[in-house]
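When reading the values below, keep in mind they use all heavy atoms of this one structure, side chains included, and skip hydrogens, waters and symmetry mates.
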Amino acid sequence: MPGLGPHSRVLDVGAGTGCLVPHLTAAGVEDYLAVDVAPRMLSRLASDHGATTTTLGNEGGVRTWLGDVESVPPYEGPADAVFFNAVFGNVPDQRSALLAAALLLRPGGHIVVSHPLGRAWHAALAAADPVVVPHALPAAEGWPALLAGLPLRLASLVDDAECYIALLQVRAQRRVSGVGRKEATNDPCSPFFLFFHPPTIALPAQVPPHYALPPPPLTFSGPVVVGFGRGSREMGVPTANVDPGAARAALDGQPRGVYFG
């Protein structure tokens, strides 16, 4: 990973118990966010590597985020590198994961997709358990289709018998195109037809209170009611409107703002 050092901001997707932490620490990385869907693994990582209790990232250190990469909030960026080590084949929607990672990266940042046992070993694992490992690691000829329309390029690929490392780089102009409606409907949170990443900003020393909401999502249910049709007509994205009375109890006491799901 070119340029990795003390000032690098790194996300480790599928971090598990933190096998990359010693290597990144040895490279001088001081700002590290472990992303995983397994709470027990993150708990072990936090215990072993002294993780802080905040995910805001105003200061360096080891932090954790319970969830997948698509749930990581924008304020965790801009990152310099996102690692998918020994986990990319487990990701249900690889294109959505790559897009989410790209939008968390600064222009010119990198994504590392790696497996220390190689693509052939991983293919045997996928064949033995296709539920847990639904995808193989892309060969060289598979990357163009996977990256089509995404703001990423394949910078280099090591595909040896015992090692697999694909290095992707975010283009300077992060324009996302060619992501069609059918693909977007697979994930209601990713209807990206055209997207320009906002400019890089520095977080203030004190993050406003509305960034400090607790990680668990707000949940509620209620009847779907008729709206004004503006979602489909003006945004091109079908929306559903829930009776606001159903949300009143869930939102009571929360800061005023825009909520999304």
[X], [Y]: one ILVMFWY side-chain cluster at the under-4.5 Å cut-off?
{"X": "Phe84", "Y": "Tyr32", "value": "no"}
{"X": "Leu146", "Y": "Val69", "value": "yes"}
{"X": "Leu99", "Y": "Leu104", "value": "yes"}
{"X": "Val170", "Y": "Val10", "value": "no"}
{"X": "Val37", "Y": "Phe83", "value": "no"}

Nearest heavy-atom pair of [X] and [Y]: which atoms, and what distance?
{"X": "Ala166", "Y": "Leu154", "value": "CB-CD1, 4.2 Å"}
{"X": "Leu167", "Y": "Pro2", "value": "CD2-CD, 4.0 Å"}
{"X": "Val82", "Y": "Ala101", "value": "CG1-CB, 4.0 Å"}
{"X": "His135", "Y": "Pro92", "value": "NE2-O, 2.9 Å"}
{"X": "Leu45", "Y": "Gly16", "value": "CD1-O, 3.6 Å"}
{"X": "Leu4", "Y": "Leu24", "value": "CD2-CD2, 3.7 Å"}

Output yes when a side-chain donor or acceptor of [X] lies under 3.5 Å from a complementary backbone atom of [Y], and no otherwise.
{"X": "His49", "Y": "Ala51", "answer": "no"}
{"X": "Gln169", "Y": "Arg153", "answer": "no"}
{"X": "Arg119", "Y": "Ala136", "answer": "no"}
{"X": "His110", "Y": "Asp80", "answer": "no"}
{"X": "Asn90", "Y": "Val132", "answer": "yes"}
{"X": "Tyr164", "Y": "Ala120", "answer": "no"}
{"X": "Thr25", "Y": "Val21", "answer": "yes"}

With Asp48, which residues qualify under salt bridge (charged side-chain N to carboxylate O under 4.0 Å, His left out), at least two apart?
-> Arg44

Interatomic spacing from [atom1] in [X] to [atom2] in [Y] - rounded to 0.5 Å:
{"X": "Cys19", "Y": "Met41", "atom1": "SG", "atom2": "CE", "answer": "10.0 Å"}
{"X": "Ser114", "Y": "Leu20", "atom1": "OG", "atom2": "CG", "answer": "6.5 Å"}
{"X": "Leu66", "Y": "Leu42", "atom1": "CG", "atom2": "CG", "answer": "6.0 Å"}
{"X": "Leu147", "Y": "Arg95", "atom1": "CG", "atom2": "CZ", "answer": "8.0 Å"}

What do the steps show when you test Val72 against Leu33 for side chain to side chain contact (heavy atoms under 4.5 Å, CB included), and what is the final call?
-> CA-CA 10 Å; Val72 176; Leu33 179 68; 4.3 Å; yes

Side chain to side chain contact (heavy atoms under 4.5 Å, CB included) evaluation trace for Asp31 with Arg63 = CA-CA 8 Å; Asp31 191 335; Arg63 295 169 287 117; 2.5 Å; yes

Candidate list Ile111, Val112, Leu150, Leu157, test side-chain contact (heavy atoms from CB on, under 4.5 Å), partner Leu168, passing option = Ile111

Once the angle between the rings of Phe88 and Trp143 is folded into 0 to 90°, is it parallel (under 30°), tilted (30 to 60°) or perpendicular (over 60°)?
-> parallel

With a 4.5 Å limit on heavy-atom distance, are the side chains of Asn85 and Pro116 in contact?
-> yes

Has Met1 got more than 12 heavy atoms of other residues, nucleotides or ligands less than 6.0 Å from its CE?
-> yes

Quick one: do Val62 and Thr52 satisfy side chain to side chain contact (heavy atoms under 4.5 Å, CB included)? Show the steps, please.
-> CA-CA 6 Å; Val62 174; Thr52 63; over 6 Å; no

